[in-house]
Asker: 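I'd like to ask you about the structure that follows.
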Amino acid sequence: MHRHMQTMRTARQRERRRLGRFFGAVAVFLVLFLAVSAVYIGLHSGGFSLRPEPESVSESESAVPVPDVSGVKNLLLLCASPDKTDIRFLSVIQINFDENAYAITSFSPREGANTGDRFGSLLEHYQAGGVKQLTRAVEALSGVHIDRYIASDDNTFKRAINGMGPVVFTFPEQISYRGADFAIVLIEGEQKMRGDDLLKYMRYCGALGDEGLDMQSRAIGEMFSQYINEKNMNKRDNLYSMLIGALTSDISVMDFKKSKDMLEYMLYTPFEIQPIQYMRIIPDKEVQP
């Protein structure tokens with residue numbers, strides 16, 4: 001199954017990625033919102049810097065002016081059941097503008113973490129103190145600082161995905177799964193998944209153990225890749241209004257309003273998707289022009 005996920009990208013998706021991929025997350029999902037907000041955070045906290053295009057760039061290459069960006073930020077994506085009895089997926093996206101890549105780590109809700117004042121599973125941390133306590137637990141477990149979080153439940157996740165549009169995956173073989181409270185059947189070949197099926201797929205991945213966590217990370221990367229496109233850029237204000245109304249986040253409206261240049265960079269710069277088991281601890285650093 002792990003090998004199957006590695007072949008999910010179609011030639012058409014790879015061509016789209018040459019124009020620009022990414023944000024991230026995440027979350028899961030809500031990628032346009034994540035990408036825009038994350039860059040603004042970095043720009044105004046010293047994590048990212050802008051540099052003008054070199055004068056040697058040819059006229060054809062400079063037809064679309066794209067600022068250069070550098071720095072690293074970590075974003076947490078969460079989707080939980082409405083009653084907080086289960087975490088559907090929990091991922092951290094490490095956006096690395098120095099390498100034009102983002103590493104995605106997905107966590108099992110049963111994994112234990114010690115925040116100093118509390119020890120328990122990630123799910124227990126979430127149940128005890130919500131997303132803020134969960135963020136502290138993920139920081140203690142991974143050793144990385146979480147810059148911002150975006151959280152949803154089943155209903156708000158599906159609403160956001162449906163608002164952004166279906167996500168396209170290609171499956172080498174049919175998937176058929178029946179759990180205690182949901183079932184999913186995905187036929188072989190290209191599938192356009194809207195919110196309900198995408199949520200079921202993420203839950204299916206979560207039921208597979210460590211291999212499924214890697215599959216969740218890859219699925220989040222595909223959402224990032226497909227949602228950052230010119231069509232969404234042209235209607236970004238409406239998309240933002242829809243997403244901010246559906247999500248729980250510590251990202252402000254101003255984060256979005258001042259991030260147009262950064263989103264342009266993400267749109268036209270290829271980013272590599274890197275699902276990993278553990279986050280890379282990269283210290284924040286200010287990069288001079």
Side-chain angles (χ1 to χ4, degrees), residues 1-10 13-14 17 21-31 34-35 38 72-80 86-96 99-111 113 122-123 134-135 137-139 141-144 146-152 157 160-161 167-172 175 177 184 186 191 193 197-228 266 270-282:
M1 182 63 70
H2 180 76
R3 185 175 62 256
H4 294 159
M5 289 301 299
Q6 292 179 324
T7 63
M8 283 174 55
R9 302 187 183 89
T10 64
Q13 292 167 330
R14 289 194 297 270
R17 188 171 296 110
R21 300 163 42 188
F22 184 64
F23 190 85
V26 278
V28 149
F29 63 112
L30 319 180
V31 180
L34 297 177
V72 176
K73 290 295 170 182
N74 301 304
L75 309 172
L76 182 145
L77 299 179
L78 166 71
C79 181
D86 186 34
I87 290 177
R88 309 310 196 191
F89 63 84
L90 171 61
S91 304
V92 172
I93 302 175
Q94 187 171 82
I95 308 168
N96 190 327
E99 299 179 3
N100 288 339
Y102 48 90
I104 309 170
T105 295
S106 296
F107 298 88
S108 167
R110 296 178 296 277
E111 192 159 3
L122 294 176
L123 176 59
L134 177 62
T135 298
V138 171
E139 288 179 329
L141 180 63
S142 64
V144 301
I146 303 300
D147 296 289
R148 291 293 188 272
Y149 65 79
I150 296 91
S152 67
F157 174 81
I161 294 298
V167 183
V168 179
F169 291 106
T170 298
F171 297 99
I175 293 175
Y177 175 82
I184 185 172
L186 297 171
Q191 300 290 296
M193 290 196 290
D197 283 339
L198 185 53
L199 178 62
K200 289 179 180 179
Y201 177 71
M202 297 297 280
R203 295 184 64 187
Y204 159 73
C205 294
L208 299 179
D210 290 342
E211 180 183 14
L213 296 176
D214 183 73
M215 293 164 61
Q216 285 183 339
S217 296
R218 291 184 179 277
I220 290 172
E222 286 297 327
M223 284 185 273
F224 278 33
S225 173
Q226 295 180 41
Y227 281 155
I228 299 299
M266 296 176 185
F271 273 73
E272 180 70 21
I273 300 173
Q274 299 175 348
I276 57 175
Q277 291 185 342
Y278 300 101
M279 300 307 299
R280 295 171 57 195
I281 301 177
I282 304 175

Asker: Under the side chain to side chain contact (heavy atoms under 4.5 Å, CB included) criterion, do Asp210 and Leu213 qualify, and how do the steps go?
Answerer: CA-CA 5 Å; Asp210 290 342; Leu213 296 176; 4.1 Å; yes
Asker: With a 4.5 Å heavy-atom cut-off, do Phe107 and Ile87 have their side chains touching?
Answerer: no
Asker: Tell me the closest heavy-atom pair linking Phe271 and Asn96, and the distance in Å.
Answerer: CE2-O, 4.2 Å
Asker: Measuring from atom CG of Leu90 to atom OG of Ser106, what distance do you get when rounded to the nearest 0.5 angstrom?
Answerer: 7.5 Å
Asker: So do the side chains of Ile161 and Tyr227 get within less than 4.5 Å of each other, counting heavy atoms only?
Answerer: yes
Asker: Could you go through Leu186 and Tyr177, starting from their C-alpha distance and side-chain angles, then the distance that decides it, and tell me whether this counts as side chain to side chain contact (heavy atoms under 4.5 Å, CB included)?
Answerer: CA-CA 9 Å; Leu186 297 171; Tyr177 175 82; over 6 Å; no
Asker: Measuring only between side-chain heavy atoms, which start at C-beta, is Val92 closer than 4.5 Å to Ser142?
Answerer: no
Asker: Considering all heavy atoms of both residues, which atom of Tyr201 and which atom of Ile175 are nearest to each other, and what is their separation?
Answerer: CE1-CD1, 4.1 Å
Asker: Could you tell me the separation between the CD atom of Gln191 and the OG1 atom of Thr170, rounded to the nearest 0.5 Å?
Answerer: 8.5 Å
Asker: Between OG1 of Thr105 and CG of Asp214, what distance do you get to the nearest 0.5 Å?
Answerer: 9.5 Å
Asker: At their closest point, which heavy atom of Asn100 faces which heavy atom of Pro270, and how far apart are they?
Answerer: CB-O, 3.5 Å
Asker: To the nearest 0.5 Å, what is the distance between OG (Ser91) and CE (Met202)?
Answerer: 6.0 Å
Asker: Can you measure from OG (Ser217) to CD (Gln277) and round to the nearest 0.5 angstrom?
Answerer: 10.0 Å
Asker: Where do Phe157 and Ser152 come nearest, in terms of heavy atoms and distance?
Answerer: CB-OG, 3.6 Å
Asker: Can you give me the closest heavy-atom contact between Pro275 and Arg218, atom names plus distance?
Answerer: CG-CG, 3.3 Å
Asker: Between Gln226 and Val168, is there a donor-acceptor pair closer than 3.5 Å when you use the side chain of the first and the backbone of the second?
Answerer: yes
Asker: Sub-3.5 Å donor-acceptor pair from the side chain of Glu139 to the main-chain atoms of Ile146, do we have one?
Answerer: yes
Asker: Salt bridge (charged side-chain N to carboxylate O under 4.0 Å, His left out) with Arg203: which residues, sequence neighbours excluded?
Answerer: Asp181
Asker: What pair of heavy atoms forms the shortest contact from Asn74 to Val144, and how long is it?
Answerer: ND2-CB, 3.9 Å
Asker: Could you give the distance from CD1 (Ile184) to OH (Tyr204), rounded to the nearest 0.5 Å?
Answerer: 8.5 Å
